[in-house]
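One structure is given below, encoded as structure tokens.
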Amino acid sequence: MNNTGDTAFILASAGLVLLMTPGLALFYGGMVRSKNVLGTFMQSLIMISVISIEWVLLGYTMSFGPDIQGLIGDLSWLGLHAVGSAPSQTYATTIPQNAFMIYQCMFAIITPALITGAFAERVRFAPFVIFALLWSILVYNPVCHWIWGSGGWLAARGVLDFAGGLVVHLTSGAAALAAVLVIGPRRGFGKQSFMPHNLPMTVIGTGLLWFGWFGFNGGSALAANGIAATAFVSTHLAGMAGMAVWSLVEWLHRGKPTTLGAASGAVAGLATVTPAAGFVGPMSAIAIGIIAGLLCYTAVSLKSRIGLDDSLDVVGIHGVGGVIGTICLGVFACKDINPAGADGLLFGNPVFFGGQIFGVIVVGAYAFVVSWLLLKIINAVMGLRVSAEDEVTGLDLSEHSETAYS
Amino acid sequence: MNNTGDTAFILASAGLVLLMTPGLALFYGGMVRSKNVLGTFMQSLIMISVISIEWVLLGYTMSFGPDIQGLIGDLSWLGLHAVGSAPSQTYATTIPQNAFMIYQCMFAIITPALITGAFAERVRFAPFVIFALLWSILVYNPVCHWIWGSGGWLAARGVLDFAGGLVVHLTSGAAALAAVLVIGPRRGFGKQSFMPHNLPMTVIGTGLLWFGWFGFNGGSALAANGIAATAFVSTHLAGMAGMAVWSLVEWLHRGKPTTLGAASGAVAGLATVTPAAGFVGPMSAIAIGIIAGLLCYTAVSLKSRIGLDDSLDVVGIHGVGGVIGTICLGVFACKDINPAGADGLLFGNPVFFGGQIFGVIVVGAYAFVVSWLLLKIINAVMGLRVSAEDEVTGLDLSEHSETAYS
Amino acid sequence: MNNTGDTAFILASAGLVLLMTPGLALFYGGMVRSKNVLGTFMQSLIMISVISIEWVLLGYTMSFGPDIQGLIGDLSWLGLHAVGSAPSQTYATTIPQNAFMIYQCMFAIITPALITGAFAERVRFAPFVIFALLWSILVYNPVCHWIWGSGGWLAARGVLDFAGGLVVHLTSGAAALAAVLVIGPRRGFGKQSFMPHNLPMTVIGTGLLWFGWFGFNGGSALAANGIAATAFVSTHLAGMAGMAVWSLVEWLHRGKPTTLGAASGAVAGLATVTPAAGFVGPMSAIAIGIIAGLLCYTAVSLKSRIGLDDSLDVVGIHGVGGVIGTICLGVFACKDINPAGADGLLFGNPVFFGGQIFGVIVVGAYAFVVSWLLLKIINAVMGLRVSAEDEVTGLDLSEHSETAYS
Amino acid sequence: MKKIEAIIKPFKLDDVKEALNAMGIKGMTLSEVKGYGRQKGHKEIYRGAEYVVDFIPKVKLELIVEAEQVEAVVECIRQAALTGKIGDGKIFVLPVEDVIRVRTGEKGKDAI
Amino acid sequence: MKKIEAIIKPFKLDDVKEALNAMGIKGMTLSEVKGYGRQKGHKEIYRGAEYVVDFIPKVKLELIVEAEQVEAVVECIRQAALTGKIGDGKIFVLPVEDVIRVRTGEKGKDAI
Amino acid sequence: MKKIEAIIKPFKLDDVKEALNAMGIKGMTLSEVKGYGRQKGHKEIYRGAEYVVDFIPKVKLELIVEAEQVEAVVECIRQAALTGKIGDGKIFVLPVEDVIRVRTGEKGKDAI
Ligand SMILES: Nc1ncnc2c1ncn2[C@@H]1O[C@H](COP(=O)(O)OP(=O)(O)O)[C@@H](O)[C@H]1O
Ligand SMILES: Nc1ncnc2c1ncn2[C@@H]1O[C@H](COP(=O)(O)OP(=O)(O)O)[C@@H](O)[C@H]1O
Ligand SMILES: Nc1ncnc2c1ncn2[C@@H]1O[C@H](COP(=O)(O)OP(=O)(O)O)[C@@H](O)[C@H]1O
């Protein structure tokens, strides 16, 4: 039977997660040069179309359809066959199944959009769209099934991921690393400095992302209950802690706390707590946010050393965040907080901790390898990069025949 | 008895629909020249004041008050008399009536705001406000009663409109057409090109509109139930399909997919599915979005030919969207999806299909004629257009003594 | 027992109130010069970190913990000890206590952020952070306990404040006045004019604030019931009335209605109705909005006369709004609307009216004096103002080593 | 060769450009400037207070032309930019000693 | 007639404008420019990395004055723009051959 | 002393700046301008319609140099700004009568 409160909560959450995609577009768009802002937007926005269509036709059944060997869902829900407004027997049994389906769709949309920050300002639109579509089918859907699909093999091995540390942040972070290696740096990288063209835009994006994250993590309880409240609280506390720590570290390290630093720390904290949100208490969430701020700041600072042009720090924030969040869950998880969860290292359960690390290795390796192959193939077939001249002109004009401001 | 889940859902939806008005201001504001952005904002924002006051005093009882001859509500709820937090016996019987009242208020606000895109950059503030007020009383309230008021004559003839294809989009689209004819083109139309001054602003607006549309269509189920989930899903799928198709067509037609094209296609899809959202299945919703993208793109392209300066394409997107959405409902409606709905042509029910076309003709003609007369009269009495000099200076300075950026 | 509808509603409301802080940052940021926009943002954003950490460790138990003499909560909930997802016996008994805790946290965050508008463009980041932290502990928490904490002495004397006219708006307004006196005007105040650098940004902020205010006032019913609907309606109506009146008065007084005027009137109406939202009927809410528009406009206009540089009019809008809203509640409150409330002067209850005035005097005086002392001390110890040169350079570069636009 | 600098009202730019094209002038550089002069600035309102903004947006055209063209070009710009109202702007003629085209290195007349 | 171009610190603009008004100069054109010179640029931080931005915002004033006024105007601007710190800017004096007022067609002195 | 005005492609600015530094030129002023000339403008699409925007973003460099440096500086800029494609820009040389440093009041050569 559908519960009105749970239904209201999940539909609201689905709306919030959808809002994160334009939010991400703004977050990224503010950081690029003004000649690339629309191109950067488009790479996120078009995911709403490309992935939604993929999801309703194929992705949902691959991810959540009846299990095959723990590896993938079968095709019995192809094109949403038999997915109506009656609740599912397996997932979110108190809300219409199409509400659950569309809520999950929003996760599938934003995940490839996250990757785009890694190769900002230099990739052609067409090959990107093809990459994102194939990536979603070959990387997102399987990993989603392994962890969230009933019968998924990683879930069966006890790996936990409340709202997407592995499924969303690590997969996109690993793909981002592959993309940086395959696509290479922007022209003038190292010589010129590429300063953000519009930091207020990035701040608006951060605000919308934070707001949406409540739906992303809170909604992952799939009901308006105590776990949802716990996840909501963890999300907020890790976000605020990440923001505080990044600002502070930058203050000590560089002499000033920056606005972009605060925004980056917030996103780092929010991303890192994602896998743990509904499984840990508030003090653990704060600890996770602090760790996130420290390690992501370090990762981002190191990056410049090794000369990788992960332009908007997808690896340093989402990749690293997904890894440490999943491992932190192995440390801080507590059954008193969520009986459906597990006890972590802190609560004397090294087995679960080991399982989380196993999950990180499996998902990270799988996502990286498949992404790398996909990018190599697409690059060989049609070329991922814009021409040197187009890169100088900027994506807005060369790829979309538009100018952002006039 | 008030149901907490339904109440939470409708209040949240009312908030979302309110947010659409600033969203629309941004969507439109980004497309005008920088000297007119504040004037464009104000035409949307002030509707929140003008229409809200009209609605609580008069509009609500005209639209939803006890029926007179199927034509209009009587005045027994004047000034919200007897409209309290107890549920209505007639409408949304599981939530406080004042929640239903304020939710409907948000629809009344955004409808005249939609019209403003047609005569952007050239109309005086004062006569516009008077027009909007009278238009709401003479066009919006009656049409709203005919279709959504209990006893409304179009509803009685079986015309369906889930969330406002006729009540919101066709009325505003028809008024927009009248306005374009009465007010005429901007100075230099055809000679100069009027490029958008800030496309990122338009993208922010699109994001907020999409987000709000979940409340607009989802909330129109008036309860947090399966129909709400169905409407939510249809909304998202039609929006994403409209975005995909418009981008694709523009790509083939002009060589590049544009950001504004993606945004326009999304709004076209969202507007077009509005009347159908809670009555059709997901594949039908996708079909509706595809049709919307194709036909709205065509309409907008033709416009320039016939030399009408529907500046921000209200006719081409909301007018056309309202018409084809209402007709598509006549085709795709399915009782298996919503027993309270109807079966469409596809499901062997030409009668219902005919009724929808009848609804389009009646509402389109009524809205166009009354709007045209209103505009003619107001124009004669006080003049709708700013002076040539003020048009050159821009609305921001001439009408509001402000500069947007400095 | 947790009610799903109430839980969904309060979590959604908590998200909305969080969104108000970036909304405020945009509202303020658009009004400053472009060299100070990031510095202005940071003063709001960092509150999310500083106050959240303070709240979970200390603030929540000080405000809502078991009462000591009606003055303050004891420390039994220090660090959220015993605050879990089971409902509280005292507050919001149908939702998880941690949901109530985080919802209240959002109020604590935005209150000191409101103050920053008073001393925009001239204060150092470090001393501001210290001030905000101490202010929250010494002003916000006690006042919050007096009025909303069970056993609070002002509550015991029958003082009512639905969503923060005293707790949020008057405390911040009084602190703003103290800050203006202690810190003094910007360089060139009176000589130069400081025009807003980006009014569209201010409009975006206004839209988000209005949207968030539904959670701020509606959520203060702490359940998805008729009172929530009543508060939601009052909020919208006072906001729209404030916007209408400010625009109109400015039109008559200066010859044009301005966009910033509309935005300011909206915020004035929304702030003023805050203490009354759940206790008054719709017509009273409109009256309150009208009074707010008139008096706040007057206050803001007078300010310039007496040469105080309350840069973004925190005193004139939030201080004055908090005062008149609380007093208006003493006039318009009505038990037919909310039995848990009171009858006001209009309904023949001068005692309650007197009590409200008493509340205003006590809270206003307390907040002003403590804020003034705090600012004096911090100023003496570390200096609140940036150097003359840094003020010329702007906060973005001098305090954060960033440039907003490039 | 001479340099002509013309300060005109922004909305006249298109007319001026067309007029110059019509007479075969194919190259120019323009920039957005703010002007101060006889033309009164506009009033702005900020929270119920009035301010006068006395720097007015103008467009500045810079063209290098051959000495013998100066007369004609100046007159052409003047006609196209004329509204007859205060603030129509000014045209300055300055001496130029040399012109070089980056692409080819051509100098003088050929570089224009 | 001469053209005076002054590159000054933006926050000094109001003072300079007032000083010029005081001596009866009623017309000028200004533009926002970026300057590069002895004055060191400022440091910016981007995600924990430091960059130096060495183009500094300046305001460029352009005024046409009669030859005999040049001395006085230059000194007036200098006084008003002076802070004594590096980066105060420069004033250039260029020859002008003719000035035309668009509105009236007046030439030379009368056009200023 | 002479004034050199160079109109170049924006993305060449860094190269030009470095080249000038290399030859000891430490001062310049630059502004964003729009150029119109042989180089064709770009196409923009607006709701399915096509427009050509024929004003192209350029950067304008202004430097005052001593007469004897002009040759060298012009050549230096030309080399650094060269792409060989249409639209590379122009360099103008104008006479300057005097230069004053605001900070010190120094005149002529010393003020550069
Ligand atoms: N002496 C001057 N030097 C430089 N620019 C000037 C001078 N006088 C006027 N201008 C420019 O010409 C524009 C128009 O001049 P103004 O006196 O307002 O009108 P008009 O040229 O019709 O008399 C001014 O806005 C300013 O940009
Ligand atoms: N040779 C030059 N040509 C053109 N502009 C110059 C030149 N030298 C300096 N400037 C301008 O003057 C400004 C101030 O010069 P700078 O050397 O920084 O300080 P100061 O003038 O006090 O020595 C520079 O930012 C630049 O805009
Ligand atoms: N006669 C002119 N006067 C002023 N600026 C000019 C003139 N001709 C060209 N320019 C400037 O030089 C730029 C490059 O000129 P263009 O003719 O496009 O290419 P090229 O210099 O390679 O022939 C133009 O964009 C414009 O800014």
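Below, read A as the first sequence line, B as the second, and so on, with proteins coming before strands; counting in each chain starts at 1. All values below come from the heavy atoms of this structure, side chains included, with hydrogens, waters and symmetry mates left out.
Between the OG1 atom of Thr29(E) and the NZ atom of Lys60(E) there is a distance of 10.5 Å, given to the nearest 0.5 Å. With rounding to the nearest 0.5 Å, the separation of CE in Met28(F) from NZ in Lys34(E) is 14.0 Å.
By number of non-hydrogen pairs under 4.5 angstrom with chain E, the leading residue of Leu30(F), Val96(F), Ile25(F) is Leu30(F). Top candidate by heavy-atom pairs under 4.5 Å with chain F, chosen from Ile91(E), Ile86(E), Thr83(E), Leu82(E), is Ile91(E). Counting heavy-atom pairs closer than 4.5 Å to chain F, the top residue among Ile77(E), Asp88(E), Leu94(E), Ile56(E) is Asp88(E).
For Glu62(F), the part lying under 4.5 angstrom from a heavy atom of chain E is the side chain only. Looking at Ile64(F), the atoms closer than 4.5 Å to chain E (heavy atoms on both sides) all sit in the side chain, from C-beta outward. Only the backbone of Glu32(E) comes within contact range of chain F, with at least one heavy atom under 4.5 Å from a heavy atom of that chain. Proximity to chain F is absent for every atom of Lys58(E), based on heavy atoms less than 4.5 angstrom apart. Only the side chain of Lys2(E) comes within contact range of chain F, judged by heavy atoms closer than 4.5 Å.
Two residues are said to be in side-chain contact when any heavy atoms from C-beta on lie closer than 4.5 Å; Ile112(E) and Glu66(E) meet this criterion.
Counting only distance, with no hydrogens or angles, the side chain of Arg101(F) and the backbone of Asp110(F) share a donor-acceptor pair below 3.5 Å.
The pair Lys12(E)-Asp15(E) meets the salt-bridge criterion, with a side-chain N (NZ, NE, NH1 or NH2) lying under 4.0 Å from an Asp/Glu carboxylate O.
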- Residues Glu44(E), Glu50(E); criterion side chain to side chain contact (heavy atoms under 4.5 Å, CB included); working and verdict: CA-CA 6 Å; Glu44(E) 291 195 15; Glu50(E) 277 184 17; over 6 Å; no
